[in-house]
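Just below is one structure, and these are the notes that go with it.
Just follow the structure's listing: the first ligand is 1, and inside any ligand the first atom is 1. Not measured: the values here are computed from a predicted model.
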Amino acid sequence: KIIFYDAKQYDIDSFEKQRKNYPDIESIYLEADLTEDTARLAEGCEGVCAFVSSTITGSVLRRLHEHGVKLLLMRCAGYNNVDIKAADKYGITVLRVPGYSPEAVAEHAMALALAVTRRIHKGYIKVRENNFSLNGLMGLDFHGKTAGIIGTGRIGAAMCRICHGFGMRVIAYDVYQNPDLDFVKYYPLSEVLRESDLISLHCPLTESSYHLINTETISLMKENVVFVNTSRGALVNTEDLIKGIRSRKFHGVGLDVYEEETENVFENRQEDILESSVTARLLSFPNVIVTSHQGFFTEEALAAISRTTLENACAFERG
Ligand code: NAD
């Protein structure tokens with residue numbers, strides 16, 4: 001018996017479609033994130049399934065343990081929101097979906113890069129207002145430019161292939177080199193930042209990558225660079241990014257993830273933008289596009305997430 005925590009309820013259909021192939025799994029869907037408070041609803045369930053929107057701390061895991069939960073199924077790739085040491089301590093096995101559709105996220109990264117580089121967001125609004133002037137819409141070509149990919153695992157590798165297909169020179173930084181990417185040259189991080197016209201982040205959030213992009217690393221980047229983050233918000237020091245945007249360092253910035261990914265961070269934008277949260281302030285810049293952590297959100301990726309999550313539950317059951 002598995003309880004699915006999901007405040008947004010966006011992937012229930014996808015799970016229900018797959019579930020006919022797993023008749024032994026009984027499921028309950030809950031319109032809430034997994035918290036210390038909602039953990040008590042897992043009473044009687046062997047497994048709980050949660051998404052990246054839940055912060056699964058030691059106390060949440062202790063509660064789950066008290067209610068007899070043995071398995072935590074994360075239906076996402078990143079697991080920086082789970083206290084893995086505590087899960088170990090309470091004997092809870094954590095399984096995740098490491099590679100559902102890397103192309104889904106990489107294509108979203110390129111969509112953000114293109115949209116912000118070609119000013120698609122501004123052009124769209126102008127045309128809707130019956131304004132066909134090209135003022136403020138000057139773009140840049142990607143063809144013949146250099147793409148710098150930071151992290152060349154599943155998603156980063158897909159992004160390398162997309163950039164290669166655009167006729168870009170592709171360079172990368174990773175702690176391990178991906179042998180499948182023979183068209184990619186690896187350099188130290190500082191070189192990648194110095195040489196790239198498009199920089200896209202695809203490494204996980206760890207202690208060592210926290211605020212990887214900060215005033216110092218931004219200062220190494222080229223003037224007029226395009227910067228995209230579809231990985232994790234805290235890879236970037238938002239305050240420093242805003243300083244960089246203000247100093248006109250960037251041609252454009254596309255963010256699918258940001259430091260405060262709470263439901264109302266943009267709703268609560270103050271009249272005085274300077275009083276707003278640092279994330280909300282990003283919206284005040286015309287060369288910044290922010291999306292709602294939707295890189296994974298394609299039909300194909302959701303089907304793969306559901307399938308692998310249910311497979312993970314079966315694999316756990318089989319021992
Ligand atoms: P992956 O594990 O396949 O690849 C990560 C790569 O980053 C590896 O090659 C690893 O060696 C490298 N790496 C680790 N630490 C690094 C560092 N400090 N500097 C440079 N490289 C480093 O992961 P993936 O499936 O490609 O996913 C990458 C990230 O994308 C995930 O950690 C997750 O945070 C994010 N993600 C976002 C979405 C979304 O919807 N926006 C969806 C899925 C995943």
request  = Note the single closest protein heavy atom to atom 15 (N) of ligand 1, along with its residue, its atom name and the distance in Å.
outcome  = Pro204 CD, 3.9 Å

message = Can you tell me if Leu205 contacts ligand 1 (heavy atom of the residue under 4.0 Å from the ligand)?
response = no

ask   = Which of the listed options, Tyr79, Tyr210, Tyr100, holds the heavy atom that is closest to atom 42 (C) of ligand 1?
value = Tyr100

ask   = Picking from Phe296, Phe15, Tyr5, what satisfies ring-ring contact (aromatic ring centres under 6.0 Å, His included) with Phe51?
value = Phe296

ask   = Can you tell me how far the CD1 atom of Ile56 sits from the CG atom of Leu64, to the nearest 0.5 Å?
value = 8.0 Å

inquiry  = Looking at Lys17 and Glu299, is any side-chain nitrogen of the basic one under 4.0 Å from a carboxylate oxygen of the acidic one?
reply    = no

Non-hydrogen atom of Pro98 closer than 4.0 Å to ligand 1 = yes

query = So, Arg40 and Glu66, do they make that salt bridge, N to O below 4.0 Å?
reply = no

note = Ranked by distance from atom 27 (O) of ligand 1, the top protein heavy atom is Ile155 CD1, 3.3 Å

task = Output every pair passing salt bridge (Lys or Arg N to Asp or Glu O under 4.0 Å) with a member in residues 175-187, not counting sequence neighbours, ordered by first then second residue.
result = none

message = Would you say that more than 12 heavy atoms from the other residues, nucleotides or ligands in this model lie under 6.0 Å from the CD of Glu216, or not?
response = no

Atom 1 (P) of ligand 1 - nearest protein heavy atom and its distance = Arg154 NH1, 3.6 Å

request  = Report the distance from atom CG of Asn21 to atom OG of Ser306, rounding to the nearest 0.5 Å.
outcome  = 11.0 Å

key: atom 41 (N) of ligand 1 - nearest protein heavy atom and its distance   = Thr230 O, 2.9 Å

Backbone N/O of Ser209 and side chain of Thr206: donor-acceptor pair under 3.5 Å = yes

query = Of all residues at least two apart in sequence or in a different chain, which pass the side-chain hydrogen bond (donor to acceptor under 3.5 Å, both in side chains) check with Tyr186?
reply = Thr152

request  = Just need the protein heavy atom nearest to atom 31 (C) of ligand 1, so name the residue and atom and give the distance.
outcome  = Ser231 OG, 4.2 Å

key: Shortest protein heavy-atom distance from atom 17 (C) of ligand 1, along with the residue and atom involved   = Cys203 CB, 4.1 Å

ask   = For atom 40 (O) of ligand 1, which of Tyr176, Phe296, Tyr173 has the closest heavy atom?
value = Phe296

message = Show me which atoms of ligand 1 lie under 4.0 Å from any heavy atom of Gly295.
response = 40 (O)

inquiry  = Check this for me: does any side-chain nitrogen of one of Lys85 and Asp88 sit under 4.0 Å from a carboxylate oxygen of the other?
reply    = no

task = Select one of side chain, backbone, both or neither to describe which atoms of His202 lie under 4.0 Å from any atom of ligand 1, heavy atoms only.
result = backbone

request  = Under 4.0 Å, heavy atoms only, figure out whether ligand 1 is touched by the backbone of Val105, its side chain, both or neither.
outcome  = side chain

key: Straight-line distance of Leu41 CG to Ile28 CD1, nearest 0.5 Å   = 9.0 Å

key: Atoms of ligand 1 close to Val175 [distance to a heavy atom under 4.0 angstrom, numbered from 1]   = 11 (O), 13 (N), 14 (C), 21 (N), 22 (C)

query = Evaluating non-hydrogen atoms only, which member of Arg232, Gln294, Met159 is closest to atom 36 (N) of ligand 1?
reply = Arg232

remark   = Residue, atom and distance of the protein heavy atom nearest atom 11 (O) of ligand 1 read Asp174 OD1, 2.6 Å

query = Any nitrogen or oxygen of Thr206, main chain or side chain, under 3.5 Å from a nitrogen or oxygen of ligand 1?
reply = no

task = Please write down residue, atom name and distance for the protein heavy atom closest to atom 4 (O) of ligand 1.
result = Gly153 CA, 3.2 Å

